[in-house]
Structures are given as C-alpha cells and as structure tokens.
Protein chains: 2
Amino acid sequence: MTSPRPLRADAARNRARIMTAAHEQITEHGPEVSMEQIAAAAGVAVGTLYKHFPNKNDLVTAVVTASFETLADDAEECLQRESQGSPAMAELTGFLSRVMDTVAHNHTVKAAASALGADHAAHPAMQEVETRVTQALGPLIRTAQAQGGLRADFTLDDLYLMLSTLPADQPPTARARWLALLLTGLTAR
Amino acid sequence: MTSPRPLRADAARNRARIMTAAHEQITEHGPEVSMEQIAAAAGVAVGTLYKHFPNKNDLVTAVVTASFETLADDAEECLQRESQGSPAMAELTGFLSRVMDTVAHNHTVKAAASALGADHAAHPAMQEVETRVTQALGPLIRTAQAQGGLRADFTLDDLYLMLSTLPADQPPTARARWLALLLTGLTAR
DNA sequence: CTACATGGTGAAGCATCATTCACGTTATGG
DNA sequence: CCATAACGTGAATGATGCTTCACCATGTAG
C-alpha cells in the first residue's frame with residue numbers, strides 16, 4: 001500500500017540526505033530557508049528536492065512532523081518514569097521546561113510545538129503523532145491532579161496552549177521566570 | 001531642530017495619507033505588506049513613500065511607534081483611574097486583557113507589544129514612549145502589591161514578558177483561559 | 001506672474017524564490 | 001553487458017518585492 005516499487009538505491013540515499021539537510025537548515029534558519037540552500041546543504045540539485053517532494057511546503061511539513069516525534073518520545077518517557085515512581089507533576093514541569101529550552105534555539109521543534117493542538121486536518125501523519133503525545137500527557141495530567149500537585153481544572157488543551165506561547169526569543173533567565181510565574185498558577189492550592 | 005523647512009502643503013497631506021494607509025494595511029496584513037500595497041491604499045505612487053521614508057523598515061517603525069502611543073495612553077488612563085480610587089490590580093488586569101484582545105486582530109499593536117522591553121537602542125522615539133508606559137505601569141504595580149492583590153516579586157519586566165507572549169492567534173476562549181491561568185499565578189497568596 | 005526648489009511619478013533595475021523541464025546519468029533486472 | 005525506467009541536473013521561467021532615478025508637476029517665495 002505504501003511502496004509499489006522499492007525505490008532505487010541512490011534515490012533512497014538522496015532522500016535521506018535531503019531530510020537530514022532540511023532538518024538542519026530549518027532548525028537553524030527556520031522554515032523560510034530557500035530550497036536552494038537546503039539543496040546545497042544536501043549536496044544535490046534543487047530539482048532533486050522536487051523529485052522527492054511535490055513542493056516546499058510538503059518538505060517542511062515532513063521535517064516538522066519527523067521532529068514532532070521527538071516531542072512524543074519525550075512525553076512517553078515522562079509517562080514511563082512516572083509509572084516507576086517519579087512524581088507526575090515533576091515530569092510535567094520537566095517536559096515543559098525542556099521543550100521551552102529546545103524551542104529557543106530550534107526552529108523545527110518550535111514549529112512542531114506550536115502545531116500541537118491546532119487542527120492539522122490535512123496532515124494525518126501529524127494527527128497520529130499528536131495522538132501519541134495526548135495519550136502520554138493526558139494520564140500524566142490526571143495523575144498529577146490526583147496526587148494533588150496540579151490544579152483540578154487543568155486540561156490537555158491548556159498545556160497545548162502554553163506550548164504554543166512559549167517565549168522562544170527571550171534570554172534564558174526570562175524564560176525561566178516565565179515558567180515560574182505560570183507554574184505558580186498551575187499549582188493546586 | 002526638527003524642521004529647517006516647514007514642508008510643503010501637499011507634501012504634508014501625502015505624508016498623513018501615507019501614515020494612515022500604512023497603519024491600516026499593517027494592522028490588517030502585518031508588517032510584510034508590500035510597499036506597492038501601502039502606496040495604492042494611500043493613493044500615491046511608490047516613489048512618494050521613499051520621499052518620506054528612506055526605506056520600508058523606517059516606515060514600519062514609524063507606524064509601530066505611533067500606535068505604540070495607544071498603549072501608552074491606555075496605561076496612563078489606568079494610572080489615572082487608579083488615582084481616583086479604582087483598585088490597582090483591576091486596572092492592571094484590565095490593561096492586560098485589553099491589549100491581549102487588541103493584539104488578536106491588530107498586527108500593528110502586536111508588533112508594538114512585543115517591542116516592549118526589547119532594547120530598541122536604535123529608535124529613540126520608541127524609547128520615549130516606552131518610558132511613558134513604564135512610568136504609568138510601574139507605580140500601578142507597586143500599588144497593587146501594597147494593596148495586597150499582586151504577588152510581591154512581580155516586576156515591570158515580568159509584565160513586558162507577558163505582553164510579548166500574548167496568545168495572539170488563539171480563539172477568544174483560549175485567550176481568556178490563558179489570562180485566567182496566568183492571573184492565578186500573579187495573585188498574592 | 002515667474003522661477004525653481006520641492007515633491008510626485010512609475011517604469012526599470014535588482015534580488016530572491018519556488019517551481020519546471022528538456023536533457024544527461026545511472027542503477028538494476030534480465 | 002544492455003536496455004530502460006528511474007533519477008538527477010541546473011538553467012530558465014515567472015512571480016513578487018524593495019529601491020532608484022530621470023523626468024514631470026506644482027506649491028510657494030519674491
């Protein structure tokens with residue numbers, strides 16, 4: 001269903017190079033890097049990019065979706081640790097804090113984080129990964145509330161809201177302060 | 001010091017038209033509107049824009065700085081009302097709330113709000129207006145703390161930080177929720 | 001009323017980009 | 001080793017946008 005033909009050897013290699021290069025370039029310069037620049041970084045010609053992706057938007061989406069998985073992995077590890085005795089609230093704040101710091105110098109994850117909670121109706125791949133995040137973070141939130149660390153009315157949407165407003169271009173001290181202020185509001189009384 | 005020559009009549013008229021049109025266009029479409037579009041909206045030719053502003057950036061800055069004044073006015077009115085008996089904390093939250101809602105459909109004020117607290121070393125005009133905001137909001141913060149509504153360690157920089165991370169592209173309910181969560185954290189215990 | 005500085009015009013110059021395509025290359029099955 | 005489908009190439013195309021400039025128009029001082 002996915003692959004009628006196995007994809008030629010060099011084609012597969014180039015595709016991987018393109019993904020890697022695109023990821024690096026977008027991470028560093030944001031989604032507005034030119035196709036030329038991505039091609040150069042990948043060591044291929046522009047035309048090759050279009051042999052693998054119909055247009056720039058699809059390439060960017062592919063890259064963002066892929067690094068989206070990073071977030072899902074992190075979230076699942078949080079749930080994992082929680083099941084081994086770590087306090088749920090600590091895992092949640094750790095997650096938030098890590099994402100915030102990553103987003104500060106990683107445009108790809110920044111795009112991924114602000115895509116969370118948005119309706120990516122068009123991109124089923126994103127839909128799937130978001131489900132992973134949801135299934136990890138949802139239980140974590142409920143546990144944190146049961147354990148009494150997190151205010152009872154806090155929802156997953158609230159978390160996504162926070163992720164979408166992370167102060168990416170602030171200095172580390174300001175970011176830390178931002179998180180601290182918010183956390184005060186999230187703590188159960 | 002400011003005007004060696006009084007500026008010709010039609011020139012003054014056009015300058016005003018340009019500012020108005022630029023403001024409207026930037027407010028609606030963001031700072032990335034083309035000079036062509038601004039010129040069209042102002043009813044002048046592109047070249048005329050450059051007779052009044054050396055380049056696009058300077059025009060945008062002028063517009064943003066001007067609508068910056070809106071924020072300063074609002075802040076000063078808050079201080080005014082406070083001095084007439086209104087609770088300082090209420091004025092602060094009102095200010096935050098109004099700015100948040102404005103920013104949601106006004107790209108100009110959005111730019112102005114996120115410029116607050118940044119070091120606009122190059123633009124003395126912005127510097128001045130920021131001083132107005134600072135001198136209105138600073139006392140308001142201190143009063144709110146003295147009256148016991150605002151947490152004691154809250155600073156002006158914190159407020160600027162919040163203003164720079166306002167959730168502009170979220171629906172009204174999400175925005176309200178965001179503010180509510182935040183305010184819980186800002187309230188004195 | 002006139003001279004001319006000041007202001008206005010918009011086509012043209014440049015850059016930057018995304019995207020295409022006619023053509024050359026190469027992996028791979030037979 | 002060959003045939004050929006798959007792949008790679010990069011100059012060309014067309015869109016968009018900022019900025020400039022040679023020329024025209026007009027407000028205004030005298």
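Lettering of chains follows the sequences in order, A, B, ..., and the numbering in each one begins at 1. Just so you know, these numbers use all the heavy atoms, side chains as well, and skip hydrogens, waters and symmetry mates.
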Please enumerate all residues that pass side-chain hydrogen bond (donor to acceptor under 3.5 Å, both in side chains) together with A:Tyr50, with sequence neighbours excluded.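 Checked A:Tyr50 against side-chain hydrogen bond (donor to acceptor under 3.5 Å, both in side chains); zero matches.
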
Spacing of B:Arg15 atom CZ relative to C:dG8 atom C1', expressed in whole Å: 15 Å

Got a sec, which residues hit salt bridge (Lys or Arg N to Asp or Glu O under 4.0 Å) with [X], two or more places apart in sequence or on another chain?
{"X": "A:Glu24", "answer": "none"}
{"X": "B:Arg142", "answer": "none"}
{"X": "A:Asp10", "answer": "A:Arg8"}
{"X": "A:Glu69", "answer": "A:Arg132"}

For A:Leu159, which of A:Leu137, A:Leu116, A:Thr134 qualifies under side chain to side chain contact (heavy atoms under 4.5 Å, CB included)? A:Leu137

Hey, where on DNA chain D does chain B first and last touch, going 5' to 3'? Cut-off is any atom under 4.0 Å from a heavy atom. D:dG17 to D:dT28

Where at least one partner belongs to residues 147-174 of chain A, residue pairs that pass salt bridge (Lys or Arg N to Asp or Glu O under 4.0 Å), sequence neighbours excluded: A:Arg151-A:Asp153, A:Asp153-B:Arg177, A:Asp158-B:Arg177

Please set out all donor-acceptor pairs under 3.5 angstrom arising from side-chain atoms of residues 30-37 of chain A, sequence neighbours excluded.
| residue | atom | partner | partner atom | Å |
| --- | --- | --- | --- | --- |
| A:Ser34 | OG | A:Gln37 | N | 3.1 |
| A:Gln37 | NE2 | A:Gln25 | OE1 | 3.1 |
| A:Gln37 | NE2 | A:His29 | NE2 | 3.4 |

Kindly indicate whether the side chain of A:His123, heavy atoms from C-beta on, has any atom under 4.5 Å from the side chain of A:Thr61.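 SC-SC contact between A:His123 and A:Thr61 confirmed.
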
Sugar-phosphate means primed atoms, P, OP1 and OP2; the rest is base. With that split, encode nucleotides 25-30 of chain C 5' to 3' as B, S or - using protein heavy atoms under 4.0 Å. -BSS--

Looking at DNA chain D, which of residues 23-45 of chain B put a heavy atom within less than 4.0 Å of it? B:Val33, B:Ser34, B:Met35

Under 3.5 Å donor-acceptor pairs involving side-chain atoms of residues 91-101 of chain A, not counting sequence neighbours:
| residue | atom | partner | partner atom | Å |
| --- | --- | --- | --- | --- |
| A:Glu91 | OE1 | A:Arg81 | NE | 3.1 |
| A:Glu91 | OE1 | A:Arg81 | NH2 | 3.1 |
| A:Glu91 | OE2 | A:Arg81 | NE | 3.2 |
| A:Glu91 | OE2 | A:Ser86 | OG | 2.7 |
| A:Thr93 | OG1 | A:Met89 | O | 3.4 |
| A:Thr93 | OG1 | A:Ala90 | O | 3.0 |
| A:Arg98 | NE | A:Asp74 | OD1 | 3.4 |
| A:Arg98 | NE | A:Asp74 | OD2 | 2.9 |
| A:Arg98 | NH2 | A:Asp74 | OD1 | 2.7 |
| A:Asp101 | OD1 | A:Arg175 | NE | 3.3 |
| A:Asp101 | OD1 | A:Arg175 | NH2 | 3.2 |

Check each residue of residues 49-62 of chain B for a non-hydrogen atom within less than 4.0 Å of any atom in DNA chain C, then write out the ones that pass by number, or none.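 The answer is B:Lys51, B:His52.
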
Examine distances only and state if a side-chain atom of B:Thr20 and a backbone atom of B:Ala16 form a donor-acceptor pair shorter than 3.5 Å.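 Indeed, once roles are kept as given, a pair shorter than 3.5 Å links the two residues.
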
Output yes when a side-chain donor or acceptor of A:Glu82 lies under 3.5 Å from a complementary backbone atom of A:Ala88, and no otherwise. no

